[in-house]
Amino acid sequence: MDIKNKKLTNEEFFAERKEVLEQWRTGKDLNFEEAVAYQQSIPKEKRFGEKLAGAVREKTTLIQPRAGVALYDEHIKLLQYLEEEGEADLLPTTVDSYTRLNRYNEAETGIEKSRETRRSMLNGFPIVNYGVNICRIVTSSLKSPVQVRHGTPDARLLTEISIAGGFTSYEGGGISYNIPYSKNHSLEKTIAHWQYADRLIGLYEEAGVSINREPFGPLTGTLIPACISNSVAVIESLLAATQGVKDLTVGYGQCGNLIQDVAAINALNILTREYLDKFGFNDVRITTVFHQWMGGFPQDESKSFGVISWGAAAAALAKATKVIVKTPHEAMGVPTKEANASGLRATKQVISMLKDQDFTTIPAVVAETEMIMAEMRCILDKVEELGKGDYAVGTIAAFEAGVLDVPFAPSKFNAGKVMPARDNSGAIRILDIGNLPFSPAIVDFHKQKLAERAAFEKRPVSFQMVIDDVYAIGKGFLVGRPKTV
Ligand code: 5AD
């Protein structure tokens, strides 16, 4: 395969489209012109990008849950409940795992079994099996804009049906929906599949319909250094913009140290803009999403509210455009609608209390922002160099070389050499740099930060710190200290 960061021609796109629409029976109902007309009939206040732009103007942070069940009437009720009782500003449709793996026959069985038992036998909403018309019933039954959230390496048919079905925002990317989710999917292929998805959205843009796109920020959600997830977000933004995407929301998963969290959103915002502008994409709009803690949660519901509220505070103080909200059932599995709404209301309370405070310019945050940006530049400039200016080619080479390396990812195409750990104040630093192309000054900075923690804990810097940190929040701490400290 010969991947290049080049806009797909109409000939390439439509030849591929014929095959894509044959992947499942509901693909045959698709008609691009009719879908454009349907999208144009959606009122402005129900368009995702419009609501995000409003939040930027008002300097507020919008709240969005995750949610999806197998039966469409139940799914509508769930989303209506989350907008009414949960005060959600933006709505999701979380797609089930079979659909994410293109296993539509099993999704069909899941729908049938759910009908028999009247409870959801799928862990999300099977968009492809339902097809365009049922998706339109869902999206038109709600007051708020709705986004598709998933984790699908080959999401081409899902994208077609989703956008024709009236969703106005779409999550994912060729790196972020492969490396953290899959063991065997080749990166060349998933980048190509997501070029297709982005080109489709580019075609809608060219027809006058703007669809918001969100690369998945948190990656594995486990102690991810901001420079790594932010670099992936910048690359996926460049790849998407190349295909004609005009509205991007870049994301980051909470680490837990407030200064670092605010700085990470800052750095993400500044460098996504800078790199898009550098390649001439000055007209692409950028907003940000902050994900409440994506790692292990406490079992106890009240303790979970503590974690949720701290994430809400960080999102507000970082001035993120939206925050993805967790629930007090996170440690148990798919939440009830009541638990989901209670996570939202806790978040809403904190967000509106902190609306008028902004931590982005305090000196410690500025210093951390500069550090993250310096690290990102080392990574991004090396990717560009490896690809001789082509970020798709560079990304493949960078994963092979470990220049891009996602901690705890299952993919066999990921080097897995980089090992993160928290420093003495809970910021995520890098214990094993692996092959990250950092300058000597940056390497020393990380060493020194971990040495400070080791001295405080009276133990050597070691892999044990990493293990302790992975489990710490579930046990009620941020930094995983030995019992003797
Ligand atoms: N409904 C609600 N939350 C879901 N998640 C996954 N599927 C669903 C669903 N159908 C959440 C998980 C985790 C995150 C990655 O997505 O609980 O918080």
Side-chain angles (χ1 to χ4, degrees), residues 61-67 86 88 92 94 149 151 171 176 180 214 216-226 228-230 233 250-265 268 288-318 320-335 339-340 342-351 354 359 368 406-409 420-423 425-429 466-481:
T61 301
L62 303 173
I63 67 170
Q64 183 182 5
R66 296 184 174 89
T94 300
R149 306 189 62 86
E171 195 192 29
S176 62
E214 179 183 333
F216 175 59
L219 303 178
T220 60
T222 310
L223 301 176
I224 299 292
I228 294 177
S229 52
N230 282 3
V250 280
Y252 163 80
Q254 180 183 17
C255 97
N257 172 289
L258 181 65
I259 291 167
Q260 191 173 48
D261 282 333
V262 179
I265 289 284
L268 180 60
T288 56
V289 48
F290 186 91
H291 291 250
Q292 290 178 352
W293 179 244
M294 291 290 283
F297 257 65
Q299 293 277 341
D300 182 83
E301 294 196 16
S302 300
K303 291 184 176 184
S304 294
F305 279 117
V307 179
I308 288 168
S309 301
W310 186 225
L317 297 172
T321 321
K322 71 172 187 179
V323 55
I324 302 285
V325 174
K326 286 277 181 170
T327 81
H329 285 177
E330 178 59 27
M332 274 76 83
V334 174
N340 211 334
S342 66
L344 284 164
R345 285 198 306 275
T347 300
K348 189 53 119 353
Q349 174 74 15
V350 175
I351 293 279
L354 302 188
F359 272 36
E368 184 72 28
V406 179
F408 310 109
R422 293 191 188 275
D423 70 14
S425 60
I428 294 173
R429 305 297 175 196
V466 184
I467 299 169
D468 294 342
D469 288 346
V470 166
Y471 294 106
I473 286 190
K475 294 178 179 174
F477 303 94
L478 182 60
V479 184
R481 311 273 194 201

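Numbering of residues begins at 1 and proceeds along the displayed sequence.
Distance CZ/Phe359 to CD1/Ile265: 15.5 Å, rounded to 0.5 Å. Atom SG in Cys255 sits 7.0 Å away from atom CG in Leu478 (nearest 0.5 Å). In this structure, CD1 in Ile259 is found 11.5 Å from CG in Leu317, a value given to the nearest 0.5 Å. The distance from atom CG of Asp469 to atom CZ of Phe477, rounded to the nearest 0.5 Å, is 12.5 Å. Taking CD of Glu171 as the start and OG of Ser176 as the end, the distance is 7.0 Å to the nearest 0.5 Å.
Applying the side chain to side chain contact (heavy atoms under 4.5 Å, CB included) criterion to Gln299, with sequence neighbours excluded, gives Ala331, Met332. Judged as a side chain to side chain contact (heavy atoms under 4.5 Å, CB included), and not counting sequence neighbours, the contacts of Ser304 are Phe297, Pro298, Pro328. By the ring pair (Phe, Tyr, Trp, His ring centres under 6.0 Å) test, His329 pairs with no residue at all, sequence neighbours left out. In this structure, Arg422 has no salt bridge (Lys or Arg N to Asp or Glu O under 4.0 Å) partners at least two apart in sequence or on a different chain. Residues passing the salt bridge (Lys or Arg N to Asp or Glu O under 4.0 Å) test with Glu301: none are found, sequence neighbours excluded. Scanning for side chain to side chain donor-acceptor pair (under 3.5 Å) contacts around Lys322 gives Gln64, Gln147, Glu214, with sequence neighbours left out. Residues passing the side chain to side chain contact (heavy atoms under 4.5 Å, CB included) test with Thr347 are Ile63, Gln292, Ile308, Ala312, Val323, Val325, Ile351, sequence neighbours excluded. For Arg429, the side chain to side chain donor-acceptor pair (under 3.5 Å) partners are Glu368, Asp423, not counting sequence neighbours. Annotation: salt bridge (Lys or Arg N to Asp or Glu O under 4.0 Å) contacts of Lys348 (sequence neighbours excluded): Asp89. Every residue two or more places apart in sequence or in another chain was checked for a side chain to side chain donor-acceptor pair (under 3.5 Å) with Asn257, and none qualifies. Remark: Thr220 engages Pro180, Thr222, Ile224, Val406, Phe408, Ala409 in a side chain to side chain contact (heavy atoms under 4.5 Å, CB included) (not counting sequence neighbours). Every residue meeting the salt bridge (Lys or Arg N to Asp or Glu O under 4.0 Å) condition with Arg481, not counting sequence neighbours, appears here in chain and number order: Glu457.
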- request: Starting from the C-alpha separation in whole Å, work towards a yes-or-no answer on side chain to side chain contact (heavy atoms under 4.5 Å, CB included) for Thr327 and Ser342.
  value: CA-CA 7 Å; Thr327 81; Ser342 66; over 6 Å; no
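Of all heavy-atom pairs spanning Ala316 and Thr61, the tightest one is CA-OG1, 4.0 Å. Here the closest heavy-atom approach between residue Ala233 and residue Leu268 is recorded as CB-CD1, 3.8 Å. Pairing each heavy atom of Leu344 with each of Gly86, the nearest pair is CB-O, 3.2 Å. In plain terms, the two heavy atoms of Ser309 and Ala346 that are nearest each other are OG-CB, 4.4 Å. Shortest non-hydrogen contact noted between Ile473 and Gly296 is CG2-O, 3.7 Å. For Ala67 against Asn340, the heavy-atom pair with the smallest separation is CB-ND2, 4.0 Å.
Two residues are said to be in side-chain contact when any heavy atoms from C-beta on lie closer than 4.5 Å; Pro407 and Ile228 meet this criterion.
Counting only distance, with no hydrogens or angles, the side chain of Ser229 and the backbone of Tyr252 share no donor-acceptor pair below 3.5 Å. Not a single donor-acceptor pair under 3.5 Å links the side chain of Asp468 to the backbone N or O of Val479. Side-chain atoms of Thr94 do not come within 3.5 Å of backbone N or O of Arg149 as any donor-acceptor pair.
By the 30° and 60° cut-offs, the orientation of the rings of Phe216 relative to His291 is perpendicular.
No more than 12 heavy atoms of other residues, nucleotides or ligands sit less than 6.0 Å from atom CH2 of Trp310.
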